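Every chain is numbered from 1, with letters handed out A, B, ... down the list of sequences. Reckoned from all heavy atoms, side chains included, excluding hydrogens, waters and symmetry mates. On a predicted model such as this, the values are computed, not experimentally measured, just so you know.
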2 protein chains.
Amino acid sequence: MQRLDALTSLKRTFRRGEYLYRCGESFRALYAIRTGFFKTQVLHEDGREQVTGFQMPGEIIGLDAICSDAHTCDAVALDDSEICEIPFDRLEELSRDLPGLQRHLHRIMSREIVRDQGIMMLLGSMRAEERLAAFLLNLSQRFSARGYSPNAFHLRMTRQEIGSYLGLKLETVSRTFSHFQEHGLLSVKVREVEIMDLLRLRSFVGST
Amino acid sequence: MQRLDALTSLKRTFRRGEYLYRCGESFRALYAIRTGFFKTQVLHEDGREQVTGFQMPGEIIGLDAICSDAHTCDAVALDDSEICEIPFDRLEELSRDLPGLQRHLHRIMSREIVRDQGIMMLLGSMRAEERLAAFLLNLSQRFSARGYSPNAFHLRMTRQEIGSYLGLKLETVSRTFSHFQEHGLLSVKVREVEIMDLLRLRSFVGST
DNA sequence: AAATGCGTTTGATATAGGTCAAAAACCATG
DNA sequence: CATGGTTTTTGACCTATATCAAACGCATTT
C-alpha cells in the first residue's frame with residue numbers, strides 16, 4: 001500500500017484552458033483527476049475537432065496512449081484542476097504484485113471501452129433531443145455519484161463543445177435546450193442547468 | 001510458453017449467423033478470432049441496433065465485458081468462423097508472470113479505445129461519403145495486413161449492417177456506393193468491392 | 001460608463017440524408 | 001430450375017439538422 005501511495009504521489013495543477021497533454025506527445029503516465037474538469041478531443045488536420053469525452057474527479061485519462069506510446073488526443077482543463085500523475089511502467093510493475101490492482105486497471109480500461117460503445121450508440125442512432133437528454137442524464141448521474149445534486153449543476157463546457165461531443169452544431173444544442181425548457185423538462189440559464197423532470201427526460205432516451 | 005499455449009487451447013467453430021456471446025451473458029473469457037468474420041452490436045430495447053465493430057482473424061473480442069463481468073454487446077459470426085477461447089482469470093494470472101504478455105494485453109485494450117475514438121470522429125464529424133470511404137479504407141488496410149489484396153475484397157456484411165456501423169441508413173450506403181462507382185473510384189457488385197483509385201478515395205476522408 | 005469580445009439565442013433558409021415505395025438482383029431450398 | 005425470401009438499387013419526396021446572419025447577454029478592459 002505504501003508502494004501504491006508512492007505511485008500516486010506526483011500531483012500537478014492546471015489553470016482553465018491549459019493542456020494536460022497534446023496529441024503526439026510521448027506517453028509516460030496515466031492521470032487521475034483529483035479536482036476540476038477536463039475534456040479530451042481529437043483534431044482532424046482540416047481543423048474539425050471531435051470532443052471524445054468530459055472527465056471529472058476520480059476518472060483516469062490517458063489510456064489511449066498505451067497502445068502506441070504516444071497520446072492520440074489532447075486533454076484540456078475546462079476548469080482549474082488538480083491531477084495526480086501515475087507513471088505507467090511503475091503501475092504495470094506494481095499490478096504484477098497486486099492482483100487486486102491488476103484487476104482494477106483492467107476494469108478501468110474495459111469501462112472506457114463500454115463508455116465508448118455508448119457514445120457510438122448515441123452518435124449512430126439517436127436524434128438530437130435524445131443525444132442531449134442522454135448527455136445531461138449522464139452528467140447528472142456522475143455529479144450525483146460525487147455527492148453533488150443530480151438536478152442542478154453548472155456546465156463547464158461551451159455549446160460548441162457539447163455539440164462536438166454529440167455530433168451536433170452548437171445552434172442545434174442551444175435550440176434543443178430551449179425546447180426542453182419550453183416543455184418544462186428543465187430550466188437552463190446559459191451554463192446553469194436545473195433538471196425539473198428527470199423521469200420525462202429519461203423517457204426521451206428510451207432507456208438509461 | 002507452454003502455459004501460454006495451454007491458455008489458448010480451447011477452440012470452437014461457429015456457423016454464419018451464430019452468436020459467440022450475447023449481451024448480458026456472464027463473462028469468462030476473451031476470444032481470439034482464428035478464421036472468419038464477426039460483428040459486435042448493441043441493441044436498444046426499442047429495436048434500434050448499433051453495430052460497434054467488424055472483427056477479423058487475429059483480433060480479440062470480449063474486452064467490454066471485463067468491467068462488469070457480463071457482456072455488454074452481442075457478437076455474431078458473419079461467416080463460418082473459428083475462435084480460440086482465452087479464459088480471462090488465467091490470462092490475468094499468466095500476465096503477472098510474463099511482463100511481455102501483460103504489456104501486450106494493455107496494448108490490445110488501449111488499441112480498442114483508440115479504434116473507438118476513430119469511430120466517434122467518423123460518426124460525429126464526417127459526412128456520408130467520408131464515412132464510407134473511411135470504412136472501406138479501413139477494411140482495405142486490414143485485409144492487406146492479413147496478406148489479402150487491399151484493392152479487391154468481399155464484404156461479409158449487409159448494407160444495413162454497414163449503415164448501422166456508420167450511422168447511416170442502408171439506402172444511403174447503397175447510393176454512396178453508386179456515387180463512388182459513377183466517379184470511377186471503385187467498382188462494386190453487391191458484396192464484391194474493387195477499389196480502383198485508392199488515393200482519390202483516401203483524399204475523400206479529411207476533405208470537404 | 002462605454003467599449004470590446006466571446007458565447008449564446010433566435011430566425012430564415014438550405015440541404016444532406018431519411019423515409020417510403022417499387023423493382024431488380026441475388027440466394028437458398030425443394 | 002422454379003420459388004419465395006432476402007438484400008440491393010433506384011426514384012420521389014420529406015424532415016431534421018446545418019448554415020447563415022443578426023441580435024443579445026455577460027464579463028472584462030479602458
Side-chain angles (χ1 to χ4, degrees), chain A residues 15-17 39 46-51 76 78-80 122-136 154-183 186-193 204, chain B residues 15-18 39 46-51 76 78-80 122-136 154-183 186-194 204 207-208:
Chain A
R15 309 298 306 270
R16 187 149 72 84
K39 69 167 174 178
D46 60 8
R48 277 182 291 186
E49 76 170 30
Q50 175 69 35
V51 172
V76 189
L78 293 182
D79 225 344
D80 296 350
L122 185 143
L123 293 173
S125 39
M126 290 186 179
R127 294 166 328 92
E129 288 183 338
E130 300 180 89
R131 294 185 199 190
L132 188 63
F135 170 71
L136 292 171
H154 177 81
L155 298 172
R156 270 73 173 184
M157 68 294 281
T158 65
R159 298 288 185 265
Q160 140 72 22
E161 285 163 337
I162 296 172
S164 169
Y165 180 66
L166 299 179
L168 302 169
K169 293 293 153 181
L170 68 95
E171 294 94 329
T172 304
V173 174
S174 177
R175 275 184 242 274
T176 308
F177 267 124
S178 301
H179 292 163
F180 283 165
Q181 189 163 235
E182 283 159 27
H183 289 77
L186 51 77
S187 127
V188 57
K189 212 177 164 197
V190 192
R191 301 288 184 101
E192 297 302 326
V193 174
F204 256 97
Chain B
R15 310 298 306 270
R16 187 150 72 83
E18 286 185 329
K39 70 167 173 179
D46 61 7
R48 277 181 291 186
E49 76 169 29
Q50 175 69 34
V51 171
V76 189
L78 294 182
D79 225 344
D80 296 350
L122 184 143
L123 292 172
S125 40
M126 290 186 181
R127 292 161 338 86
E129 289 183 337
E130 299 179 89
R131 294 186 199 190
L132 188 63
F135 169 70
L136 292 171
H154 177 81
L155 299 172
R156 269 76 173 181
M157 67 294 279
T158 65
R159 298 287 184 265
Q160 139 73 21
E161 285 163 337
I162 297 172
S164 169
Y165 181 66
L166 298 178
L168 302 170
K169 293 292 153 179
L170 68 94
E171 296 93 329
T172 304
V173 174
S174 177
R175 275 186 243 273
T176 308
F177 266 124
S178 301
H179 292 163
F180 282 164
Q181 190 162 236
E182 283 157 27
H183 290 77
L186 51 77
S187 128
V188 56
K189 211 178 165 197
V190 192
R191 302 286 184 103
E192 297 303 325
V193 174
E194 187 182 351
F204 255 97
S207 63
T208 312

Separation of [X] atom [atom1] from [N] atom [atom2], in whole Å?
X	N	atom1	atom2	value
E129(B)	dT15(C)	CD	P	16 Å
R127(A)	dA18(D)	CZ	P	13 Å
Q160(B)	dT9(D)	CD	P	14 Å
M126(A)	dA16(D)	CE	P	17 Å
K169(B)	dT15(D)	NZ	C1'	13 Å
M157(B)	dT6(D)	CE	P	21 Å
E161(A)	dT8(C)	CD	P	9 Å
L166(B)	dA16(C)	CG	P	18 Å

>> Looking only at the side chain of E171(A) (C-beta and beyond, no hydrogens), which of the listed nucleotides dC20(D), dC26(C), dT7(D) gets closest?
In response: dC20(D)
Does a nitrogen or oxygen in the side chain of [X] sit under 4.0 Å from OP1 or OP2 of [N]?
X	N	value
S174(A)	dT9(C)	yes
R159(A)	dT9(C)	yes
T172(B)	dG18(C)	yes

>> For the backbone of D79(B) and the side chain of R156(B), can you confirm whether one donor and one acceptor N or O come within less than 3.5 Å of each other?
In response: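 No, because the side chain of R156(B) does not come within donor-acceptor range (under 3.5 Å) of the backbone of D79(B).
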> Reckon G167(B) touches a base, only the sugar-phosphate, or nothing at all at heavy-atom distances under 4.0 Å?
Replying inline: sugar-phosphate
>> With nearest nucleotide decided by heavy atoms, which residue, R16(B) or L168(B), maps closer to the 5′ end of DNA chain C?
In response: L168(B)
> CZ of R16(B): more than 12 outside heavy atoms within 6.0 angstrom?
Replying inline: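 No - once you tally the heavy atoms of other residues, nucleotides and ligands closer than 6.0 Å, there are 12 at most.
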> Above 12 or not: heavy atoms from other molecules or residues under 6.0 Å from NE2 of H183(B)?
Replying inline: no
> Given that R175(A) and K189(A) both sit by DNA chain D, which one's nearest nucleotide is further toward the 5' end?
Replying inline: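 The answer here is R175(A).
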> Taking the nucleotide of DNA chain D with the closest heavy atom to each, which residue, A128(A) or V173(B), is nearer the 5' end?
Replying inline: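 Taking each residue's closest nucleotide, the earlier one in sequence belongs to V173(B).
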> On a plain distance test, is the side chain of R191(A) in donor-acceptor contact with the base of dG7(C) below 3.5 Å?
Replying inline: no
>> Ignoring hydrogens, what is the shortest heavy-atom contact between L166(A) and R131(A)? Give both atom names and the distance.
In response: O-NH1, 2.8 Å
> Is the shortest distance from a Lys or Arg side-chain nitrogen in R15(B) or D80(B) to a carboxylate oxygen in the other one below 4.0 Å?
Replying inline: yes
